[in-house]
**Student:** 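Dropping a structure here in structure tokens format, bear with me for questions.
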2 protein chains.
Amino acid sequence: MNYRIRLEDVARAADVSVGTASKALNGNGRMTAETRERVQRTAREMGFRPNAVARALIQQRSFTIGLLTGDSYGRFSMPLMSGISEALVHMGISVFMCGIEDDPELAKVHLDAMLEKQVDGIICTGKRIDRQLPLSTEGIPIPVVYAFAAAPEGSVVLVANDEQGATEATEWLLGLGRRNIVHVTGPESFHSARMRAEAYRMALGHNGQVMHGQWSEAWGHEAVARLWAEGTRPDGIFCGNDQIARGVVDALRERGADVPGDVSVVGFDNWEIVAAATRPPLTTIDMNLRELGREAGRLVMAMASGEPVEPGVRALPCSLVVRSSCGGHRAAAPEAA
Amino acid sequence: MNYRIRLEDVARAADVSVGTASKALNGNGRMTAETRERVQRTAREMGFRPNAVARALIQQRSFTIGLLTGDSYGRFSMPLMSGISEALVHMGISVFMCGIEDDPELAKVHLDAMLEKQVDGIICTGKRIDRQLPLSTEGIPIPVVYAFAAAPEGSVVLVANDEQGATEATEWLLGLGRRNIVHVTGPESFHSARMRAEAYRMALGHNGQVMHGQWSEAWGHEAVARLWAEGTRPDGIFCGNDQIARGVVDALRERGADVPGDVSVVGFDNWEIVAAATRPPLTTIDMNLRELGREAGRLVMAMASGEPVEPGVRALPCSLVVRSSCGGHRAAAPEAA
DNA sequence: GTGAAAGCGCTAACAA
DNA sequence: TTGTTAGCGCTTTCAC
């Protein structure tokens, strides 16, 4: 009932010209309400589906954007893409998604394909915010937004606010009365690790103790082992991600330390599969990647519509998600900024 | 250097007609090698990018497909989409991806958008193979393939071979000399859980012991607790997914049972974040979702090209991934079917 | 071997 | 208020 029905068919059936039919369906032009309704009804009855390709050709807009991602695991790219899609679907925009697997050749192939398909804009995303994708977006004639990825000078980029997130985490522990707080995190080579550590120190008001290692559960175990070996007994541990936090919580339990009774632990990422499965479930920082995606979608379309958008890095707020690894309740500490 | 350059511009610069330029660039028609090369060189130098929208309009093919997913977490849809994309990118095909969040309205909006954009085919995917998406693909004038999702009668559908995977897992345990093997899995309401349990029984040659519960670590703990309470001491446990397996392994360790010394444990899913972080890392079944995606991509394009494709369910093989939770080495047991 | 011209399905400017 | 017409950028007969 909807195959190969052209506007011309609808027009003929409704006894108007294609021009009028077009206007009737798009709400443009002037005509009697009767005519407009008749055309719309006819179109509906015939199962008419406008050909967006023809429309794109003439309007020079495809109502399509491209999402290039360096995160093929989906940890970051899935929530981002959900947000983007959510923000744009009601404008009739669809999202091309492609993973580039750290391969410059592949990245170029995908990018060219999208450019040829006349996407209205491109969003690039990675799995860490201090590494550029293997991809040059220089000289690209359409808007580009970077979300959760490093970008060339002068780009529009969106990231989660690591400092603010880490500050919230640390202050949450302080608010709970914890005073001997250690920070166990990933490699110092990661910008995020450095930012979070810095914010932790600032919130503490002194140097605290920062332990850099891997972003893994194993490092969480190892870190606790080192702490115990050197006789340190923290009452709060802020971890650089949820995997480390899970390792820490398990290691603590194995040593008979009660979480959250003796030690409060905060994670970072709110990676459901890890945070919710930890015993007790992790209180952690959510980077609100979905909202980041929404904002990226809005921005790229604003740019595509010619609205002026300032280049620069926009850091969106993280929020604390309270589960059970700290004790305390949401209301007992300051809200997200 | 590549903005708004049309074929006409290239043609003029190369001193040929647009028709000739088109043929030169697409390798069609007849002309002197010199002319062809000159046009190609000119196009390259000018940074010409053919407008795929115009091409799609005339060829009635957009070189685009749609991926509708009910799995917004990405556990299944990411590998699937990587596979699809991988199989099709070299045909110049891009993939629209959209999550439908169990929302029929949203699903329809996305589906209509793709249809209007003249996608050449659609792939639908979910997060379990016995639940249909909230979506009717009836009367759709383009090929539809279901991958890892339930589908209406007469559809082309691709799933992982649960029986074969479960058989491999069980036989691996048997091959290791385990004789007292228990199966701890998810709710009986899941088709996959029933299929895997059935295959487990077949491989065992008797009824064994099947414990249905949740797909969670907590259930893994609980199941071991029950086993211990009733005095059962298995030497092998085949788990319905990796999360259960992780719970089982942790619970076993807490009771002083050595894995894999006393008990061998096999998981299902090969979900890296869970399987690799378990101590010891899990030997598990991989559903090869990426390959499933590749096949889905090939199939949908074959259908779009008019090749006859038999409707029905195609079950693709799973494979055993050996880590440390069983002892034994890859060579000691039969290969994947 | 190369060019001219028609047309894919639609929108928008201009006539009537 | 409605219809006519000229394209959007490309491919593809069909002449020459």
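Throughout, a chain's letter reflects where its sequence line sits, starting with A, and its residues are numbered from 1. Computation of the quantities below employed the complete heavy-atom set of this structure, encompassing side-chain atoms and omitting hydrogens, waters and symmetry-equivalent molecules.
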**Student:** Between the two ends of the helix from C:dG1-D:dC16 to C:dA16-D:dT1, what is the bend in degrees, rounded to 10 degrees, where each end axis spans five pairs?
**Tutor:** 50°
**Student:** Please report, rounded to the nearest Å, how far the P atom of C:dG7 is from the CG atom of A:L57.
**Tutor:**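 For the pair A:L57 CG and C:dG7 P, the rounded distance is 17 Å.
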**Student:** Please report the distance, rounded to the nearest Å, between CD1 in A:I5 and C1' in C:dC8.
**Tutor:** 17 Å
**Student:** Rounded to whole angstrom units, what separation is found between the CD1 atom of B:I58 and the P atom of C:dC8?
**Tutor:**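 Computing the B:I58:CD1 to C:dC8:P distance gives 9 Å.
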**Student:** Under 3.5 Å, is there a donor-acceptor pair linking the side chains of B:T125 and B:D71?
**Tutor:** no
**Student:** Nearest 0.5 Å please: distance from the CZ atom of B:F96 over to the OG1 atom of A:T64.
**Tutor:** 3.5 Å
**Student:** Do B:F76 and B:M287 touch side chain to side chain, with heavy atoms closer than 4.5 Å?
**Tutor:**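 A side-chain contact exists here, since the closest heavy-atom pair is under 4.5 Å.
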**Student:** A:E8 has an atom CD; how far is it from atom P of C:dC10, in whole Å?
**Tutor:**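 Rounding to the nearest Å, CD of A:E8 and P of C:dC10 are 9 Å apart.
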**Student:** Look at the side-chain N and O atoms of A:R6 and state whether any lies under 4.0 Å from the OP1 or OP2 oxygen of C:dG9.
**Tutor:**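 Yes.
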**Student:** Please tell me whether A:S85 and A:S82 have a donor and an acceptor in their side chains that are separated by less than 3.5 angstrom.
**Tutor:**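 Side-chain D/A pair, A:S85 to A:S82: absent.
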**Student:** Could you check how far CD of A:Q59 sits from C1' of C:dA13, rounded to whole Å?
**Tutor:** 14 Å
**Student:** Answer whether the closest heavy-atom distance between the side chains of A:N51 and B:E116 falls below 4.5 Å.
**Tutor:**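 In short, these two side chains do not touch, never coming nearer than 4.5 Å.
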**Student:** In this structure, how many angstroms lie between the C1' atom of C:dA12 and the CG atom of A:N26, rounded?
**Tutor:**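 Atom CG in A:N26 sits about 11 Å away from atom C1' in C:dA12.
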**Student:** Please write out the pairs of protein N or O atoms and N or O atoms of nucleotides 1-5 of chain C separated by less than 3.5 Å, giving the distance to one decimal.
**Tutor:**
| residue | atom | partner | partner atom | Å |
| --- | --- | --- | --- | --- |
| C:dT2 | OP1 | B:T35 | OG1 | 2.9 |
| C:dT2 | OP2 | B:T32 | N | 3.1 |
| C:dT2 | OP2 | B:T35 | OG1 | 3.2 |
| C:dG3 | OP2 | B:S17 | N | 2.9 |
| C:dG3 | OP2 | B:T20 | OG1 | 3.0 |
| C:dG3 | O6 | B:K23 | NZ | 2.7 |

**Student:** Any carboxylate oxygen within less than 4.0 angstrom of a Lys/Arg side-chain nitrogen, looking at A:E272 and A:R75?
**Tutor:** no
**Student:** How long is the span from the OG atom in B:S62 to the CE atom in B:M114, to the nearest 0.5 Å?
**Tutor:** 10.5 Å
**Student:** Is the NZ or CZ atom of A:R61 positioned over A:F63's six-membered ring, under 6.0 angstrom from the centre and within 45° of the axis?
**Tutor:**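 Yes, a cation-pi geometry.
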**Student:** Write down the distance between CZ (A:R61) and C1' (C:dC10), rounded to a whole number of angstrom.
**Tutor:** 16 Å
**Student:** Take a 6.0 Å sphere around CG of A:N28 and say whether it holds more than 12 heavy atoms from other residues, nucleotides or ligands.
**Tutor:** yes
**Student:** Between the side chains of B:D130 and B:S192, is a donor N or O closer than 3.5 angstrom to an acceptor N or O?
**Tutor:** no
**Student:** I'd like the 5' and 3' limits of the part of DNA chain D contacted by chain B, with heavy-atom contacts below 4.0 Å.
**Tutor:** D:dG9 to D:dT13
**Student:** Look at A:S22 and C:dC10 and indicate whether a side-chain polar atom (N or O) is within less than 4.0 Å of OP1 or OP2.
**Tutor:**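 For A:S22, the contact criterion (side-chain N or O under 4.0 Å from OP1 or OP2 of C:dC10) is not met.
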**Student:** If you count every heavy atom of other residues, nucleotides or ligands that lies below 6.0 Å from A:E34 atom CD, does the total exceed 12?
**Tutor:**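 Count over threshold, so yes.
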**Student:** Nearest whole angstrom, please: distance from the P of C:dC10 to the CD of A:Q60.
**Tutor:** 17 Å
